[in-house]
Amino acid sequence: MDFFARQDQARRNTTVLLVYFSLAVLVTILSVYVATVVGIGIFKSQSPVQIQWESGNPDSLSSFGDVLTDGLPWFDKELFFLITAIVGMIVFLGYSIMTFRLSQGGKSVATLLGGRPLNPSTTKADEVKLRNVVEEMAIASGLPMPEIYLLDHEPGINAFAAGYSGSDAVIGVTRGSLKILTRDELQGVVAHEFSHILNGDMRLNMRLSCLAHGILFIAETGNLLLQLPFRARLGGGNKKEGGSLLLVVFAAGVVLAIVGSIGYFFTSALKAAISRQREFLADAAAVQFTRNPAGIGGVLKKIGGFAKGSKLNAPQASQASHFFFSQGISFFLGNLLSTHPPLKKRILAIDPHFQNEFPEISPNYRAGDYGGSLEGSSGLHEAAGVLFAGDLSMLQRPEDVLKTVGKLKPVQIRQAARLRESFHQNLFQAAHEPFGARGLIVATLVAHHRNSPEATERLIRVAGPELAEEVRQQLPLVIDLPSSRMLSLIDLSLPALRQLSPDQFRSFRQMVQKLIEEDSSISLFEYTLQKILFRHLDSHFSPKARQSSAEFYSLKQILAPVLTLLGALAYFDSDEVLVIEDSFQKGCQQLNLTGESYHLPEREACGLAEVDESLDLLQKATPGLKRNILYACATLVMSNSKISPEEAELLRAIADTLDCPIPPFASGLDS
Amino acid sequence: MSFIILALVVVILVAVLLVAVVVIGIYNGLVSLRNRYQNAYAQIDVQLKRRYDLIPNLVETAKGYMKHERETLEAVIAARNTAFSANQKAAQNPGDPQSMTALSGAEAGLTGALSRLMVVAEAYPDLKANQNMMQLSEELTSTENKVAFARQAYNDAVMTYNTKRETFPDNIVANTFNFTAAQLFEITNAAEKEAPKVSFT
């Protein structure tokens with residue numbers, strides 16, 4: 001199963017869940033209805049006065065059974081609609097509350113759990129270790145650097161990933177994990193969480209939370225109603241009519257509480273079943289990514305041997321249990337509701353020789369800090385050879401491009417670490433604090449132009465006096481970097497830029513825009529930079545700008561943007577008319593678009609603005625469609641010549657916009 | 001009749017739930033804004049610490065050349081130590097009016113002492129030409145830029161938080177759950193505020 005298939009499966013799971021959820025709501029409505037009919041029946045049979053008053057029917061002295069058979073029909077349209085409306089509204093309200101709460105993306109989950117954002121320029125050894133591990137994974141996978149949250153008050157070993165997409169993803173790690181895990185083990189945990197990001201589990205998890213809360217809300221409303229009569233009684237004014245009203249409220253409360261709890265139980269069981277399956281997948285992926293079963297295996301064993309285990313203190317933990325690395329809360333009904341498979345099973349899946357020997361971890365335990373794990377630990381790193389997964393020479397066939405999407409390989413992680421270390425120390429520091437990161441972006445833009453000294457100076461002045469100084473310092477360090485590595489640096493500086501205040505971001509954004517448009521032409525590098533920067537930062541500063549879910553399910557709906565994209569690539573590939581036409585046709589064939597009606601768009605219709613618009617539309621296609629489009633793009637680019645570094649970068653930019661992260665290609669880095 | 005009662009229940013229920021939803025929303029908004037400004041302070045903290053680390057080195061280098069300026073050098077070190085402890089207090093509870101005002105004062109004192117040192121250093125060409133000194137003062141300027149920048153971000157965050165805290169109906173929630181006002185971090189440079197001295201000679 002590749003990246004796209006897993007993404008598709010995550011979506012299918014959501015659909016299945018929606019079906020079950022609708023069923024659950026329907027059953028809830030029916031049971032509330034039946035309960036109400038029976039309730040009214042009892043009510044009528046016991047207080048005849050009320051009935052006379054109500055219906056004016058003189059035959060109301062009949063017994064309860066008669067009421068059911070003749071007095072009251074089993075199906076009362078008005079009552080049914082009323083109950084449907086009430087239950088529907090409660091569920092919708094519960095769903096909306098959670099959706100609203102999670103509308104901020106991953107940040108909101110982290111805040112809900114009492115997380116604190118990790119300062120990108122931190123100097124504490126533990127925190128630096130965590131930041132470095134996450135950075136390595138981010139570079140290796142081609143994902144933008146997620147924001148890191150620390151759960152300071154959690155002594156247990158646990159971690160989570162949350163968010164709707166790569167742009168707003170956060171990774172949270174407990175204080176206990178930092179203290180107790182070695183670097184290799186921490187890497188295993190982070191790899192596990194990255195697998196959740198890459199496989200689309202996060203979005204699934206967010207949806208699960210919202211839906212489950214809709215049902216849970218019925219029970220909560222019931223509980224509220226149960227308390228209401230007692231509160232109201234204290235207020236006095238106990239008339240007879242008030243008394244019967246209270247009785248109705250009390251009865252409604254009991255019914256809602258019971259039905260809601262049962263519904264919640266089943267939704268949770270369902271949620272847990274899906275979640276457990278994804279956990280095994282993530283564990284396997286963590287081993288695959290790091291090629292080091294000892295890492296993640298060690299974590300699981302430590303959780304088993306540690307008194308605190310993976311338990312969480314935060315009161316909100318139960319709502320977010322399925323986000324976590326390991327079981328965060330315990331249930332009365334054990335396995336059925338566990339969002340994670342049993343620890344022993346997970347360990348056995350990784351280490352078949354495991355025999356229940358959990359290491360003893362005292363509360364004061366501290367993992368030995370050793371930094372050199374990158375080169376050491378497992379010979380498998382070496383066995384994999386010096387192949388760089390993103391090396392251009394590896395990209396012989398279009399399939400090779402697809403294979404790299406959403407994949408992490410141990411060599412890549414190692415290369416990513418090397419890439420990180422290859423940056424000049426000053427650049428590296430600058431990328432981690434907001435002031436320097438801004439200078440870095442300006443410096444790359446200026447360096448890219450390779451202008452005369454006067455023109456360079458004019459560009460630098462756009463940045464303003466204080467920043468100009470910073471830019472001048474960084475310029476000599478970035479000027480010789482290949483554009484792919486500049487982009488990696490920009491990926492790294494995203495968390496620092498998220499620290500800007502909204503005002504600072506606005507003026508920074510304007511300045512970057514101005515710099516890009518300075519020479520009244522937008523180059524590919526400038527376009528990519530702008531795309532990465534604004535796509536990932538805009539969604540942070542204004543959460544409403546986030547893209548919606550899949551809207552396009554067939555190629556026909558998005559034919560025009562696809563043709564524009566392929567046309568632009570064809571023009572980019574060559575200058576000869578025949579070659580352009582030929583490669584365009586090859587791209588079309590890959591999508592089974594054969595025939596007269598699919599002809600090459602005019603060159604003017606394939607400008608950057610048009611491509612940009614098209615990509616925005618294509619973003620809303622299903623993963624399967626995106627896969628085909630990306631494949632067609634790769635086919636087109638490779639049809640006539642070998643892939644050039646620029647084309648590789650363009651493919652990467654397209655893939656990134658389509659939410660299919662491709663690791664950076666290793667041009668210009670000696671391995 | 002039961003229909004009316006049920007409708008009544010529904011109306012009350014909806015009203016109660018709506019109020020609850022609004023309160024939850026406001027509360028969460030306040031928490032995330034508070035987190036944001038506290039986090040923005042962490043950014044300042046890193047840069048201030050860097051600055052406090054640089055100053056003793058600077059003084060050590062200057063000592064060799066400025067034998068007759070002991071007082072100025074001691075004043076810098078004293079101001080640095082005051083600011084250092086003020087920052088430690090402020091970092092524990094960012095936004096707390098008392099400690100933030102203390103830090104503002106201490107920082108203004110340190111900036112003043114440093115600029116006096118720089119003025120005096122002008123009289124020592126050897127010191128100015130010293131490679132170490134040049135590097136250190138360059139670092140110091142760059143760090144001060146970063147502090148100013150981080151301070152701006154912090155003040156923006158505090159302002160957003162304070163505004164939300166004071167507007168209706170958020171202020172009711174804020175007062176109920178004890179969200180106290182946060183203090184801006186402003187360094188008023190004494191020299192900047194003074195009117196320029198004009199003298200005819």
Side-chain angles (χ1 to χ4, degrees), chain A residues 36 40 43-44 50-51 53-55 78-79 82-83 85-86 89-90 93-94 96-97 100-101 104 107-108 110-112 114-123 217 220-221 224-225 228 241 244-245 248-249 252 432-436 438 466-467 469-470 473 496 499-505, chain B residues 1-14 16-18 20-25 27-47 49-50 53 138-139 141-161:
Chain A
T36 317
I40 289 178
F43 199 60
K44 276 183 180 170
Q50 208 108 38
I51 293 217
W53 187 26
E54 205 172 86
S55 56
E78 269 178 27
L79 187 67
L82 183 75
I83 286 175
I86 296 176
M89 203 174 56
I90 295 176
L93 208 65
S96 326
I97 290 178
F100 175 74
R101 251 197 252 175
Q104 295 272 306
K107 282 185 284 184
S108 46
T111 323
L112 195 74
R116 159 176 80 83
L118 187 79
N119 189 354
S121 46
T122 179
T123 48
F217 208 62
E220 279 180 7
T221 313
L224 193 76
L225 286 182
L228 217 58
E241 201 178 320
S244 65
L245 176 68
V248 171
V249 170
H432 287 121
E433 47 95 14
F435 189 76
R438 286 188 327 157
E466 280 168 2
L467 200 56
E469 194 51 49
E470 186 79 15
Q473 278 182 22
Q499 307 278 321
L500 297 174
S501 76
D503 281 343
Q504 286 175 331
F505 174 68
Chain B
M1 187 59 201
S2 72
F3 191 86
I4 298 173
I5 294 175
L6 269 175
L8 204 71
V9 171
V10 172
V11 169
I12 296 172
L13 203 71
V14 170
V16 169
L17 289 178
L18 274 183
V21 171
V22 170
V23 169
I24 290 173
Y27 181 86
N28 286 341
L30 280 167
V31 168
S32 82
L33 284 179
R34 186 172 60 190
N35 277 344
R36 197 177 300 164
Y37 85 71
Q38 288 183 344
N39 187 46
Y41 188 79
Q43 222 26 267
I44 307 181
D45 187 46
V46 171
Q47 301 303 340
K49 282 202 179 112
R50 173 106 192 95
D53 289 346
E138 167 55 40
E139 275 272 307
T141 323
S142 143
T143 313
E144 266 160 21
N145 272 341
K146 283 170 194 163
V147 171
F149 189 72
R151 209 153 50 81
Q152 194 190 340
Y154 168 81
N155 283 345
D156 283 350
V158 165
M159 188 119 87
T160 324
Y161 166 77

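First the proteins, then the strands, lettered A, B, ... as listed; each starts at 1.
Contact of B:N28 with chain A is made through the side chain alone, with heavy-atom distances under 4.5 Å. Only the side chain of A:E470 comes within contact range of chain B, judged by heavy atoms closer than 4.5 Å. No part of A:L467 comes within reach of chain B, as not one of its non-hydrogen atoms sits under 4.5 angstrom from that chain. Proximity to chain A involves both the backbone and the side chain of B:A42, based on heavy atoms less than 4.5 angstrom apart. Heavy-atom distances place the side chain of B:E138, and not its backbone, under 4.5 Å from chain A. Only the side chain of A:F217 comes within contact range of chain B, judged by heavy atoms closer than 4.5 Å. For A:R438, the part lying under 4.5 angstrom from a heavy atom of chain B is the side chain only.
Highest contact tally toward chain B, considering only A:E469, A:R116, A:E433, is held by A:E433 [criterion: heavy-atom pairs under 4.5 Å]. Comparing A:A496, A:A85, A:S108, A:P117 by how many heavy-atom pairs each has under 4.5 Å with chain B, the most go to A:P117. By number of non-hydrogen pairs under 4.5 angstrom with chain A, the leading residue of B:N155, B:V14, B:V46 is B:V46.
In this structure the side chain of B:R50 reaches within 4.5 angstrom of the side chain of B:E139, judged on heavy atoms. Two residues are said to be in side-chain contact when any heavy atoms from C-beta on lie closer than 4.5 Å; B:V22 and B:L18 fail this criterion. Between B:T160 and B:Y37, the closest side-chain pair of non-hydrogen atoms is not below 4.5 Å. Counting heavy atoms from C-beta on, the side chains of A:Q504 and B:F149 come closer than 4.5 Å. For the pair B:R36 and B:Y161, the minimum side-chain heavy-atom distance is 4.5 Å or more.
For A:D503, the salt bridge (Lys or Arg N to Asp or Glu O under 4.0 Å) criterion is met by A:R506, not counting sequence neighbours. Every residue was checked against the salt bridge (Lys or Arg N to Asp or Glu O under 4.0 Å) condition with B:R151, not counting sequence neighbours, and none meets it.
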